[in-house]
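Below is one structure, written out as structure tokens; comments come after it.
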Amino acid sequence: MQLPDKPTLDGVEDRWAQRWEEAGTFRFDRSHERKTVFSIDTPPPTVSGSLHVGHVFSYTHTDAIARFQRMRGREVFYPMGWDDNGLPTERRVQNHYGVKCDPSLQYDPDYEPPDEPPKRHLSISRRNFVELCGRLVEEDERKFEELWRRLGLSVDWSLTYTTIGDAAQRCSQRAFLRMLARDEAYQSEAPTLWDVDFRTAVAQAELEDREMPGAYHAIRFAHADADGAVVIETTRPELLPACVALVAHPDDERYRALFGTNVLTPLFGVEVPVLAHRLADPEKGTGIAMICTFGDLTDVIWWRELALPTRPILGWDGRMLETAPISLDAAGATDNWAELTGKTVKQAQVRITELLVESGHLVADPKPITHAVKFYERGDRPLEIVTTRQWYFRNGGRDEAVREELLARGRELRWHPEYMRARYESWVGGLNGDWLVSRQRFFGVPVPVWYPLDAAGAPVYDNPLVPDEALLPVDPSSESPTGYAEDQRGEPGGFIGDPDVMDTWATSSLTPEIAGGWEDDPDLFARVFPMDLRPQAHEIIRTWLFSTIVRAHLEFGSLPFTDASISGWVLDPDRKKMSKSKGNVVTPMEHLVKHGSDSVRYWAASGRPGTDTAFDEGQMKVGRRLAIKLLNASKFALGVIGDAPTDRAAITEPLDLAMLAALSDTISDCTKAFEIFDYARSLERAERFFWGFCDDYVELVKNRAYGAAGPEGSDSARAALAIALSAIQRLFAPFMVFVTEEIWSWWQEGSIHRAPWPSTEEVSGLEGDRAVYLVAADVLGEVRKAKSDAKRSIRHAIDVATVVDSADRIDALRSAADDVKEAGRIASLSLTVGDNYLVTVELADDPAA
RNA sequence: GGGCGGUUAGCUCAGGGGUAGAGCACUUCCUCGACACGGAAGGGGUCGGAGGUUCAAAUCCUCUACCGCCCA
């Protein structure tokens with residue numbers, strides 16, 4: 001045993017992180033069978049910028065569970081992944097280097113970005129752009145790894161994967177091709193939600209509603225074959241040239257007579273029908289609406305169900321097209337159209353409103369309103385709807401049977417906490433279409449198909465050319481399909497590559513398959529899949545969790561993991577969600593340095609599963625205090641235990657046996673809590689026992705342990721202390737990973753993180769009457785209180801202490817009377833049976849008597 | 001509009017039929033053979049509100065208010 005003179009927390013993080021790496025403490029041993037493995041489907045953090053304290057929070061929860069399982073004897077498969085593919089990285093690269101991607105440019109192998117990002121972004125080729133993305137994410141990933149190591153995550157760093165790496169691309173493309181072969185992936189040319197800034201399609205899962213100001217514009221449409229007019233109200237007058245019909249509710253008496261008649265659009269004089277449809281809301285505006293292709297998702301439904309023509313007016317860049325989709329024969333129509341072309345939606349709205357005023361078609365001033373508008377969650381402007389060819393995965397959004405199967409998977413999965421299941425169910429229940437997976441972006445996994453070109457040079461989309469799985473990953477924009485030469489690219493009779501990449505979720509929904517080496521390493525895959533645990537935050541249940549279940553269900557007919565543990569958010573001290581835009585984001589490293597990693601972990605582990613938790617430095621200080629207490633209490637207890645061997649058979653004192661009974665209860669509580677992934681409860685139980693152990697038990701027995709009552713009493717106390725201390729250190733090991741390793745190293749061989757989790761077996765047969773510990777602690781507390789009330793030192797001697805209590809408790813106390821007297825410096829202890837618990841104390845005149 | 005969670009001490013939160021708890025903050029005291037990066041003690045709450053079940057409700061049930069989130 002080697003005890004430091006002055007124990008300290010200084011430097012424990014660096015010292016032990018390095019030892020763990022050298023010793024391979026957390027290396028996954030793949031020789032274990034599936035049933036002894038505990039595999040974790042780690043969330044790959046998005047590598048675009050910096051980690052924030054919310055990451056530290058949730059990853060600490062997972063790490064505590066990983067360490068518990070490891071100590072319980074499971075071989076833990078705990079990889080780290082980096083989600084580097086996708087838009088966040090592209091955006092970061094654009095800003096960091098001041099560049100933008102132009103796929104029409106040629107690759108420059110010697111390209112170097114400017115030292116200072118220029119104000120006006122430089123256009124570079126797709127391949128150069130992707131290379132810059134790769135360079136930047138490598139830097140970010142190094143910083144992330146440094147932080148994770150400092151935090152003490154027990155990750156096996158040799159298993160690290162990235163979502164843009166070859167293995168992930170191969171996995172993602174393979175899964176795509178298999179879905180294509182099973183007709184679970186398909187193409188469709190259809191109206192699609194579109195972000196005009198990113199110029200890409202967006203999926204339902206990536207939408208959010210934002211309350212935005214708008215205005216109802218009341219616009220008069222003249223009847224085509226009769227006098228008079230009908231007034232509609234719209235928030236989007238700029239879509240007037242895209243109008244294909246007016247619509248009212250079939251039961252709406254006001255408009256019934258108009259159904260089947262035609263009206264003329266103002267400014268453009270296009271004849272459109274007045275139709276009936278149940279989705280027209282009589283309460284909204286004037287109760288009659290114009291249908292445009294396309295203003296919103298209801299327009300899409302109307303367009304489809306009423307079989308209306310398509311009149312697109314918006315380009316992919318969100319500006320009004322050059323070519324009108326309508327005849328411009330009507331008077332003034334050509335001029336009016338010319339006023340709009342090239343304008344953004346916003347500019348067009350202003351101009352068309354002016355034109356409507358001039359022409360007298362705007363019947364009232366616009367009425368300002370606030371309404372929910374759909375945005376891409378990362379976007380800055382409202383989504384538009386444009387018609388494009390896209391790839392979709394069937395996810396139950398259009399198929400009731402598949403939806404039911406996925407709901408059944410949600411019920412099969414064990415959720416922690418249980419109530420999070422409701423989020424999954426409401427999301428799956430509300431799906432309104434299949435999963436749109438193609439993105440018109442660059443830094444992602446390419447859609448692995450080509451299209452043959454017919455004799456006229458037009459792509460034959462119905463007959464895509466697919467690569468052999470052995471050739472994956474492929475990049476169709478730089479590689480040619482089997483049977484074609486590169487010089488046939490773009491030529492009639494040749495081919496073109498699909499220019500799109502897949503949605504980042506289309507790849508990250510395969511993290512269990514990527515990390516587990518699906519098809520690349522079948523032996524590994526069989527040992528880790530389905531995973532035992534998916535830890536993640538609640539905000540991505542609809543995206544990551546759901547999509548992962550979809551993929552595993554379709555590919556394997558199983559869940560991708562059996563348990564999901566859902567972490568909450570970190571809120572700022574005012575209980576607001578932390579976000580970059582609010583400027584209240586806390587960067588973790590400074591707190592790891594300031595308070596110590598164990599202290600920050602303690603704060604994180606105090607957050608109950610699923611519960612949003614306020615960022616609280618106070619709680620970190622408590623963690624710091626706990627770490628120091630562990631240090632000092634261990635040093636002291638080990639000093640008392642000494643180098644002489646201890647023998648559990650020597651534990652005969654009732655107080656020692658009572659303490660061990662309480663320890664047994666604690667071990668049992670902590671274990672049960674961890675088994676249901678309630679790390680916070682486990683920590684709280686361990687902590688409660690530990691403080692009582694220090695305040696009461698150690699105080700009660702230290703004199704006896706030093707030999708005040710002879711060798712037998714000392715041996716009993718020393719052996720009990722050794723058993724308890726060992727268990728305490730291990731109970732805290734999943735949380736206070738550095739300090740527990742430190743104190744374990746003073747007297748034990750090997751890492752505490754590979755030591756067995758405490759078991760009630762360790763104290764079996766040693767559980768005495770719990771009441772002895774309880775009563776002794778109660779009385780000692782009364783004695784302390786008496787001294788404190790009298791403003792005397794805790795060491796002040798007592799002439800006589802009298803305890804009145806029930807017969808049972810007096811009996812229990814009698815068996816620990818000598819320890820109570822020693823700890824309280826009580827000369828005479830008088831025990832009386834009575835109805836009302838009472839402790840009275842007579843302080844000695846001489847404090848040291 | 002439907003659903004989920006929350007409301008307990010000044011603050012942050014635990015507890016989930018049997019005497020209201022912890023930490024922080026506050027007050028007072030204590031250097032005592034681990035611990036001043038400490039320790040002890042104390043003050044402080046009609047457990048959001050109203051009904052109900054029960055010998056007994058912070059806890060179970062119903063309604064309700066407010067906060068947050070999910071979905072439409």
Side-chain angles (χ1 to χ4, degrees), chain A residues 3-10 204-205 207-209 297 372 374 415 417-432 537-542 566 568-569 571 573-577 594-596 599 602-603 606-641 678 680-681 683-685 687-688 691-696 698-699 702-703 705-708 721 725 743 780-797 822-825 837 847-848:
Chain A
L3 295 181
D5 292 338
K6 183 78 182 163
T8 175
L9 295 175
D10 293 344
Q204 186 186 354
L207 303 187
E208 67 183 31
D209 283 346
L297 293 172
K374 293 205 182 306
W415 296 76
E418 174 69 31
Y419 63 78
M420 287 293 176
R421 187 195 313 273
R423 306 236 179 154
Y424 177 90
E425 301 215 327
S426 64
W427 172 252
V428 178
L431 286 172
N432 58 24
H538 54 55
E539 82 220 63
I540 51 174
I541 288 173
R542 70 174 180 173
I566 309 294
W569 279 328
L571 308 175
D574 297 328
R575 301 206 57 77
K576 298 274 192 315
K577 190 192 171 186
K594 180 177 170 188
H595 300 286
S599 315
Y602 174 87
W603 158 74
S606 309
R608 321 306 285 190
T611 305
D612 294 345
T613 301
F615 179 76
D616 185 0
E617 286 196 73
Q619 198 66 5
M620 294 176 196
K621 289 181 185 154
V622 176
R624 177 97 181 162
R625 200 167 62 112
L626 174 62
I628 290 167
K629 192 78 171 177
L630 280 166
L631 220 45
N632 287 319
S634 294
K635 186 200 162 197
F636 178 62
L638 289 172
V640 171
I641 294 164
D678 194 346
R681 181 185 289 260
L683 172 59
E684 190 248 326
R685 290 294 146 94
E687 202 182 356
R688 191 192 298 172
W691 285 105
F693 174 81
C694 292
D695 289 350
D696 300 327
V698 172
E699 291 302 323
K702 64 183 178 187
N703 287 310
Y706 277 127
L721 278 169
L725 186 69
I743 57 189
L780 185 60
E782 293 293 337
V783 169
R784 278 196 294 255
K785 177 166 153 49
K787 292 179 183 179
S788 181
D789 287 350
K791 302 196 173 183
R792 297 296 156 81
S793 157
I794 207 74
R795 298 291 306 153
H796 196 102
E822 280 288 341
R825 303 200 68 181
Y837 173 58

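First the proteins, then the strands, lettered A, B, ... as listed; each starts at 1. Everything numeric in this text was worked out from a predicted model, so none of it was measured. Atoms considered below: every heavy atom in the structure, side chains included; atoms not considered: hydrogens, waters and symmetry mates.
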| Given atom CG of A:Asp209 and atom C1' of B:G1, what is their separation to the nearest angstrom? | 14 Å
| query | Is the distance from OP1 or OP2 of B:G15 to the nearest side-chain N or O of A:Arg681 less than 4.0 Å? | reply | yes
| request: To the nearest 0.5 Å, tell me how far A:Leu3 CG sits from A:Ile743 CD1. | output: 11.5 Å
| message | Give me the distance, rounded to whole Å, that separates B:G44 from B:C30 when you measure between the P atoms they each carry. | response | 23 Å
| A:Asp696 and A:Arg784 ion-paired at < 4.0 Å | yes
| request: Identify whether the distance between the nearest side-chain nitrogen and carboxylate oxygen of A:Arg688 and A:Glu684 falls below 4.0 Å. | output: yes
| Should A:Lys629 and A:Trp691 be marked as a side chain to side chain contact (heavy atoms under 4.5 Å, CB included) after you check the CA-CA gap, both sets of side-chain angles, and the distance that decides it? | CA-CA 9 Å; A:Lys629 192 78 171 177; A:Trp691 285 105; 3.2 Å; yes
| query | A:Lys374: what forms a salt bridge (Lys or Arg N to Asp or Glu O under 4.0 Å) with it, not counting sequence neighbours? | reply | A:Asp209
| said: I'd like to know if the side chain of A:Arg792 and the backbone of A:Lys787 have a donor-acceptor N/O pair within less than 3.5 Å. | reply: no
| request: Identify, between A:Glu684 and A:Ser793, the residue whose nearest nucleotide on RNA chain B lies closer to the 5' end. | output: A:Glu684
| remark: note: A:Arg685, atom CZ; B:A22, atom C1'; distance rounded to Å ~ 12 Å
| task | Please state the P separation for the pair B:C55 and B:U12 - nearest whole angstrom. | result | 39 Å
| If we take the C1' atom in both B:G52 and B:A57, what is their distance in whole Å? | 11 Å
| query | What pairs with A:Ser793 under side chain to side chain donor-acceptor pair (under 3.5 Å), at least two apart in sequence or on another chain? | reply | none
| remark: note: A:Gln619, atom CD; B:A25, atom C1'; distance rounded to Å ~ 14 Å
| Going 5' to 3' along nucleotides 60-71 of chain B, which nucleotides have protein heavy atoms under 4.0 Å from the base (write B), which only from the sugar-phosphate (write S), and which from neither (write -)? | ---------SSS
| task | Check the distance between B:C29's C1' and A:Lys787's NZ and give it to me in whole angstrom. | result | 14 Å
| query | Rounding to the closest angstrom, what is the interatomic distance between B:U8 and B:G49 at atom C1'? | reply | 15 Å
| query | Hey, does the side chain of A:Trp427 reach the backbone of A:Arg542 with a donor-acceptor pair shorter than 3.5 angstrom? | reply | yes
| said: Taking the P atom in each of B:A20 and B:G48, what is the distance between them to the nearest angstrom? | reply: 15 Å
| Taking only Watson-Crick and G-U wobble pairs with both distances under 3.5 Å, what dot-bracket line describes RNA chain B, where [ ] shows pairs that cross earlier ones and | shows pairs with another strand? | (((((((..((((....[..)))).(((((.......))))).....(((((..]....)))))))))))).
| query | Taking the same atom, P, in B:U59 and in B:G18, what whole-Å distance lies between them? | reply | 11 Å
| field | Check: A:Tyr602 and A:Arg624 side chains under 4.5 Å, non-hydrogen atoms | value | no
| request: Say whether, by atom type as modelled, one donor and one acceptor occur between the side chain of A:Ser426 and the main chain of A:Ala422 under 3.5 angstrom. | output: yes
| note | When rounded to whole Å, the CZ to C1' distance for the pair A:Arg608 and B:G16 reads 12 Å
| message | Expressed as a whole number of angstroms, how long is the span from A:Arg421:CZ to B:G5:P? | response | 13 Å
| message | I'd like to know whether A:Glu822 forms a side chain to side chain donor-acceptor pair (under 3.5 Å) with A:Tyr706, so could you lay out the CA-CA distance, the side-chain angles of the two residues, the decisive distance to 0.1 Å, and finally the verdict. | response | CA-CA 12 Å; A:Glu822 280 288 341; A:Tyr706 277 127; over 6 Å; no
| query | Would you say A:Phe693 and A:Leu721 make side-chain contact, with heavy atoms under 4.5 Å? | reply | yes
| query | Roughly how many Å is it from CG in A:Asp616 to P in B:G10, rounded to a whole number? | reply | 17 Å
| field | Rounded distance (Å) that lies between atom P of B:G15 and atom CG of A:Leu683 | value | 13 Å
| said: If I pick the C1' atom on B:G23 and the same atom on B:U64, what distance separates them, to the nearest angstrom? | reply: 33 Å
| request: Go through the structure and list residues passing side chain to side chain donor-acceptor pair (under 3.5 Å) with A:Ser606, not counting sequence neighbours. | output: A:Gln619
| nucleotides 34-41 of chain B: protein proximity per nucleotide (B base, S sugar-phosphate only, - neither; heavy atom, under 4.0 Å) | BBSB-SBS
| message | Taking the C1' atom in each of B:A9 and B:A14, what is the distance between them to the nearest angstrom? | response | 13 Å
